[in-house]
Amino acid sequence: MEDVAQTSAPALEWETPLFQQARTQLDQALVQARVPQAVVERLRNPERSVVLSLPVRMDDGTIRSFPAYRVQHSSVLGPTKGGIRYDPEVSLGECAALAMWMTWKCALLRLPYGGAKGGVRCDPRALSPGEVARLTRRFTSDLAPFIGPELDIPAPDMATNEQTMAWMMDTYSAAKGYAVPGIVTGKPISVGGSVFRHEATGAGVVMVIERACARLGWDLTKLRCVVQGFGNVGGIAATELHEKGATVIAVSDMYGGVHDPNGLDIPTLHEYAVAHGSLEGFPGSTAVANAELLELPCDVLVLAAREDQVTEANAGSLACKLVAEGANGPTSNAADRILAERGIPVLPDVLTNAGGVTVSYFEWVQDRSRLFWDRDMIRTRLADKLSDAFDRVWELSSREVSTLRQAALVAGILEVSAALEARGIYP
Ligand code: NAD
């Protein structure tokens, strides 16, 4: 019989460029983290991937199928946790990459969670509110065997919000026969949500920037900032920067941006965006295309839109002194190297946008104890958690002469690795 050459395993369904980016980061961090082979093997792939086709009755009576995913990367530290997004680019690989990043983020923040991510491939702007409600309820119902307050706890992400979470909570609770607030976080306060959860990610981004300013000897009130993305994360980050006295000179959404070198009045811009449905034409501003916005001279560039925005193609043209990643995966690995060579530090996603999952954790704890905290307590505890993680990352990065991203990943991976080693590989 002819010898069959040993071939490497065929690429798995989730092995898309974004997942490869996450895995390359893991591999690079592992060189520094030095963890046992069994740990490496376990963490390189997600534990569980759920692929669904959701039948949804459209307003015109027809039925359309929507691909939907939920990927649970690691349950070593506890139930898995991560957002649900509605976007035309949602794929298994995207969810797998985002789930892996959630694992490192939760571990870095020392939250008792592993990482997950999910979403539905759809264009949410082309769906009516009724269609979004039916899509959400069907998704929750089909996902019910794989989620739960002890198993996997979804939260909002791109194009999902408090209302989406309320529908998820209601659908899951209806099947159980009693209210289960701990099934999702980012809910309305009326159904067990937490005060300050809505603001937590954007406010957390600014807390991390403040911490970085203290280390760099910068005065936040003198900073000129550009914010890409004007949704939950970018909109709140811009507001917080403005309230703390920084000058926000440009912001954008998916349709384009507005620029005023003298500083935009962010509260008025929010009102304008709601009234006009877009940022375009904001009085006193000039229009700026998204690609151009990233290259505006400024002190801090906040990336709060989506992944893959700063790449090999434009990293050399960025004219900021610091990048803050409010979005997940907005900087490619090649861009990371270019920015490091140029001496532009990147405050990495797993640290910088961790305010969201941290207050989600507080929400889950409150739901389970049925005891609710006030805004001051949540803000203080969030600032403590982010400062503690920031300081560990900064010190590790200085000690090991690595980027802040590498340090953040190493710190997260070491937390997971210690738990995995103690638990062992079963059987
Ligand atoms: P969102 O849907 O509320 O807002 C996204 C914003 O980005 C919108 O203003 C949209 O118009 C804009 N946008 C999309 N594509 C763009 C592009 N190519 N150029 C410029 N702007 C663009 O979503 P969000 O919840 O703010 O999430 C944004 C990012 O932050 C995502 O990467 C998400 O995974 C990450 N994140 C969100 C949370 C959270 O709590 N919501 C937590 C952690 C990380």
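Positions are given from 1 along the sequence. We count ligands from 1, going down the list as the structure has it; atoms in each ligand are counted the same way.
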Please report whether ligand 1 has a polar contact with Ala159, defined as an N or O pair separated by less than 3.5 Å (distance criterion only).
yes

Any N/O of Ser252 closer than 3.5 Å to an N/O of ligand 1?
no

Just say parallel, tilted or perpendicular for the rings of Trp373 and Phe362, cut-offs at 30° and 60°.
tilted

Look at the aromatic rings of Tyr86 and Phe139 and report parallel, tilted or perpendicular, splitting at 30° and 60°.
tilted

Can you pull out the closest protein heavy atom to [atom]? Residue, atom name and distance to 0.1 Å, please.
atom                    : result
atom 35 (C) of ligand 1 : Asn328 ND2, 3.6 Å
atom 33 (C) of ligand 1 : Asp157 OD1, 3.2 Å
atom 9 (O) of ligand 1  : Phe230 N, 3.0 Å
atom 19 (N) of ligand 1 : Asn290 ND2, 3.1 Å
atom 11 (O) of ligand 1 : Met254 N, 2.9 Å
atom 21 (N) of ligand 1 : Asp253 C, 3.2 Å
atom 3 (O) of ligand 1  : Asn232 N, 2.9 Å
atom 39 (C) of ligand 1 : Thr201 OG1, 3.5 Å

Atom [atom1] of [X]: over 12 foreign heavy atoms under 6.0 Å:
X      : atom1 : answer
Arg215 : CZ    : yes
Glu400 : CD    : yes
Glu280 : CD    : no

Closest to [atom] among [options] (heavy-atom distance):
atom                    : options                        : result
atom 29 (C) of ligand 1 : Ala305, Gly82, Gly229          : Ala305
atom 24 (P) of ligand 1 : Val233, Thr185, Thr160         : Val233
atom 23 (O) of ligand 1 : Lys117, Met158, Gln228, Met102 : Met158
atom 4 (O) of ligand 1  : Ser278, Gly231, Gly257, Gly329 : Gly231

[X]: heavy atom below 4.0 Å from ligand 1, yes or no?
X      : answer
Arg85  : yes
Glu325 : no
Gly326 : yes

Applying a 4.0 Å heavy-atom criterion (strictly less than), which segment of [X] is in contact with ligand 1: side chain, backbone, both, or neither?
X      : answer
Glu89  : neither
Glu307 : neither
Pro330 : neither

Would you say the side chains of [X] and [Y] form a donor-acceptor pair under 3.5 Å?
X      : Y      : answer
Thr171 : Thr140 : no
Thr331 : Glu325 : yes
Gln25  : Asn333 : yes
Ser387 : Asp384 : no

Please check if the side chain of Lys244 supplies one atom and the backbone of Leu220 the other of a donor-acceptor pair under 3.5 Å.
no

Quick check against the 3.5 Å criterion: does Asn290 have a side-chain atom that pairs as donor or acceptor with the backbone of Asp253?
yes

ring-ring contact (aromatic ring centres under 6.0 Å, His included) for Trp104 and His73? Distances and angles first, verdict last.
CA-CA 10 Å; Trp104 315 140; His73 173 255; 5.5 Å; yes

